[in-house]
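Throughout, protein chains are lettered first and strands after them, A, B, ... in sequence-line order, and every chain is numbered starting at 1. Quantities reported herein were computed from a predicted structural model and do not represent experimental measurements.
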There are 2 protein chains.
Amino acid sequence: MDGRKQRVLELLIEDYVNTGEPVGSRTLMRKYQLGVSSATIRNEMADLEDEGYLEHPHTSAGRVPSDKGYRYYVDQLLEKTGLDDALIQWIQASYRARVREITWFMHQTAKLVSDITAYPTLVMAPRMSEARLAELSLIPMRPGLAVLLLRMDSGLIESQTVAVPEELAATDLTAMARDLSSSIEGVPIRNLENAIWRQFKGDLARHRQFWEEMIQRLIEVANDEERMAVSGTRNMLNYPEFRDVDRLGRVLGFFEKETEIDRLVSGRPPQGIEVMIGGELPFNDIQDCSVVTAAYRMGHQVVGRVLVLGPRRMHYGRVIAVLEAVSEELSRALEWA
Amino acid sequence: MDGRKQRVLELLIEDYVNTGEPVGSRTLMRKYQLGVSSATIRNEMADLEDEGYLEHPHTSAGRVPSDKGYRYYVDQLLEKTGLDDALIQWIQASYRARVREITWFMHQTAKLVSDITAYPTLVMAPRMSEARLAELSLIPMRPGLAVLLLRMDSGLIESQTVAVPEELAATDLTAMARDLSSSIEGVPIRNLENAIWRQFKGDLARHRQFWEEMIQRLIEVANDEERMAVSGTRNMLNYPEFRDVDRLGRVLGFFEKETEIDRLVSGRPPQGIEVMIGGELPFNDIQDCSVVTAAYRMGHQVVGRVLVLGPRRMHYGRVIAVLEAVSEELSRALEWA
DNA sequence: AATTAGCACTCTCTTCAGAGGACTGCTAAG
DNA sequence: CTTAGCAGTCCTCTGAAGAGAGTGCTAATT
């Protein structure tokens, strides 16, 4: 593809991303100084259409990029755009007041990205069930009530308030918890249910029912009651393509389909940013959308993903830049966690 | 208002709630056996309109209830509807696996109510700043990292992971925390910032910077980073009156206006269920909506509210019944917390 | 050979008038 | 007090006409 044709495609996509209106040859000529007449542009556009980069809603309308057009744009034409300093500082500051609970990180990230990009954003949680337990402790708060603290090998900490038998003395409780902790250290939470029963002897066995419930709680944490955080869905109302309520409903519905989203991101190249455009998405409900996802890491392992969903005419460059910065910062924050 | 007129009003409201279409006299006659002709009903309806209970979108349309009509219906005609057992058990079970963290309660409640009623639901958090601190403890997790546990006089427990100076030994840390705890016990969190500085002496003073940050965290908790939980906004798409995207946007925007919502529910009679219909709401953005709110308690004190928002043609009876059951159950769960 | 100007053509979107339909309000009879 | 009947009102739907935008093609120009 020669330079001018690329330039036409690029300008057309950028204009369409900004306006949402099909772009005609005259518009393109007037808005950007291309140095050639509209007829020439018309010819280029006709070629681009023949090659599948553009589409024609109808004869008398301007052109619109096709999936293939966007794909070419993202892969070939898009230059890495830097973020301005204020924005980078905003992102960094967002993780400064960090708490270690993973849900906080997720919500924070979803809100941050949707605030910056003005697209709805979803953050998928790490699968806790893969994590190993580093330490378990039980802090008595008052008779009948204690806090269960879990430290994972990754450094993340989870806490849950739990009811304990009133007749158990605080010191016994902590001692028993210490016993339990030392014997299940390093066990993947996923295997906990199997591994645990062997440990129930001595004091532990006497309060078997209670400890069983405790393990249940632990497994609940592992099963990630809250697997996803979503923010900024209201942004969709800003885009004319979602002013159709039915379409809006389908797209909103997508955010509730945990398994589908799981399927979408799992089996993806584990690192970096990925862009999925329109028909490339395996779901009918969102085929007029695009999704940009970024993996985030804990140590060197990818543990979760941030998804930005928008109309196909998305500001790909900016979204990619933001996701790069945010996933980097999030990974760093999790490493320290 | 005589019996037949009441009956006409009641049936008309119920039909309109179900269909969303203006109700004509013939429809009313055919659908429900009223034993009189459409002309008679027409006369009754004309009277009801004169008295302000009904409205006429235009001459050749059926009637629609006015705010006054709904108000009369809610205050006079609505009979307490019981919930079926399965539903009550669902509600009770939802709080059974209870954790003590207030945010969990809020999200759980919002989800529960929006699932049952199919209306968007918002839960307001208790103002922590009114609470008093019963106990503060700091649990060392590993070098440089600890969990800050706060027990309020209400019984609620909050936890936050915090960074601690690496050079501090675990035993020193807990001892210092115990010191601090004993001296700020019973202080309303709101006053904490003022009260605290006097306590910084001895060991505490040596690590002043760290403890200052700790207090900051504590105050953050008190200021209720997360004051509201919302669930079920997607339900709005089911109601034809919100198929207009602009209206939808205004209503969704309402959920983000913390201060306005605060204003709406504060200064309300503290107990029980309250219904606000259309124009009775002090916000232009949601004047074609109704809001039903229920207070929930902690002990004997009202600490927060559940809000259900829907079109004016809401299933008031059912929503009220659900909110009564849920707020009761939530209050009970919080009492045990 | 590439570019440009000109023009007929196509297709959508908006506007407008007219028909159809639903319901009311009124009148007069039961 | 109730009912039947009917004229009148007003919305909504439909189809046609007109405006506007943009294309594709052809022929002229560089």
Side-chain angles (χ1 to χ4, degrees), chain A residues 1-9 11-16 18-66 69 240-241 243-244 313, chain B residues 1-9 11-13 15-16 18-66 69 240-241 243-245 313:
Chain A
M1 195 185 295
D2 72 32
R4 192 176 61 189
K5 206 173 273 179
Q6 283 190 345
R7 181 112 183 94
V8 167
L9 179 58
L11 288 177
L12 188 142
I13 288 182
E14 280 166 12
D15 195 75
Y16 184 64
N18 288 322
T19 65
E21 298 291 324
V23 186
S25 53
R26 237 170 79 84
T27 315
L28 221 46
M29 182 194 65
R30 263 185 317 189
K31 249 182 170 168
Y32 316 92
Q33 281 75 36
L34 278 170
V36 291
S37 77
S38 67
T40 310
I41 298 175
R42 226 161 20 242
N43 290 331
E44 298 281 26
M45 284 164 73
D47 288 356
L48 283 167
E49 184 175 351
D50 286 346
E51 294 160 36
Y53 295 103
L54 297 182
E55 278 166 6
H56 229 177
H58 54 86
T59 341
S60 65
R63 256 87 169 194
V64 161
S66 67
E241 34 270 271
R243 293 189 75 79
D244 174 58
R313 57 173 193 100
Chain B
M1 197 185 295
D2 70 32
R4 191 175 64 191
K5 206 173 273 178
Q6 283 190 345
R7 181 113 182 94
V8 168
L9 178 59
L11 287 175
L12 188 144
I13 289 182
D15 195 74
Y16 184 65
N18 288 323
T19 65
E21 299 291 325
V23 186
S25 53
R26 236 170 80 84
T27 315
L28 222 44
M29 183 194 65
R30 264 186 317 191
K31 247 181 171 170
Y32 314 93
Q33 282 75 36
L34 278 170
V36 289
S37 77
S38 68
T40 309
I41 298 174
R42 219 153 36 236
N43 290 331
E44 298 280 27
M45 283 163 74
D47 287 356
L48 283 166
E49 185 176 351
D50 285 346
E51 295 160 38
Y53 295 102
L54 298 180
E55 277 166 5
H56 228 177
H58 54 86
T59 340
S60 64
R63 256 89 171 194
V64 161
S66 67
E241 35 270 270
R243 291 190 75 81
D244 174 58
V245 178
R313 56 174 193 100

### Message
Please identify which of these residues, V36(A), I41(A), L11(A), meets the side chain to side chain contact (heavy atoms under 4.5 Å, CB included) condition with M29(A).
### Response
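So the option named by the test is I41(A).
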
### Task
Going by the side chain to side chain contact (heavy atoms under 4.5 Å, CB included) test, name the single residue among L54(B), N18(B), V8(B), D15(B) that passes it with V23(B).
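Of the listed options, the one satisfying the test is D15(B).
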
Whole angstrom value for the distance that separates [atom2] of [N] from [atom1] of [X]:
X      : N       : atom1 : atom2 : answer
M45(B) : dC23(C) : CE    : P     : 9 Å
I41(A) : dA5(C)  : CD1   : P     : 12 Å
E21(A) : dC13(C) : CD    : P     : 10 Å
E49(B) : dC23(C) : CD    : P     : 15 Å
R63(A) : dG22(D) : CZ    : P     : 12 Å
M29(A) : dA21(D) : CE    : C1'   : 14 Å
D50(A) : dC25(D) : CG    : P     : 10 Å
L48(A) : dG24(D) : CG    : C1'   : 16 Å

### Query
Which value, rounded to the nearest 0.5 Å, describes the distance between E49(A) atom CD and H56(A) atom NE2?
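E49(A) CD to H56(A) NE2: 5.5 Å, rounded to 0.5 Å.
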
### Task
Could you grab the distance from atom CD of E51(B) to atom CE of M1(B), nearest 0.5 Å is fine?
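Interatomic distance, E51(B) CD to M1(B) CE, rounded to 0.5 Å: 5.5 Å.
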
### Task
Could you tell me which residues satisfy salt bridge (Lys or Arg N to Asp or Glu O under 4.0 Å) with E21(A), sequence neighbours excluded, listed by chain and number?
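Result, salt bridge (Lys or Arg N to Asp or Glu O under 4.0 Å) vs E21(A): none returned.
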
### Query
Counting only side-chain N and O atoms of R26(A), is one of them less than 4.0 Å from OP1 or OP2 of dT23(D)?
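No, R26(A) has no side-chain N/O under 4.0 Å of OP1/OP2 on dT23(D).
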
### Summary
Reading nucleotides 1-12 of chain D from 5' to 3' and marking B where a protein heavy atom lies under 4.0 Å of the base, S where only the sugar-phosphate is that close, and - otherwise, the string is -SBBB---BBS-

### Task
Dump the intermediate steps for side chain to side chain contact (heavy atoms under 4.5 Å, CB included) on K31(A) and T19(A), then the final yes or no.
CA-CA 12 Å; K31(A) 249 182 170 168; T19(A) 65; 3.8 Å; yes

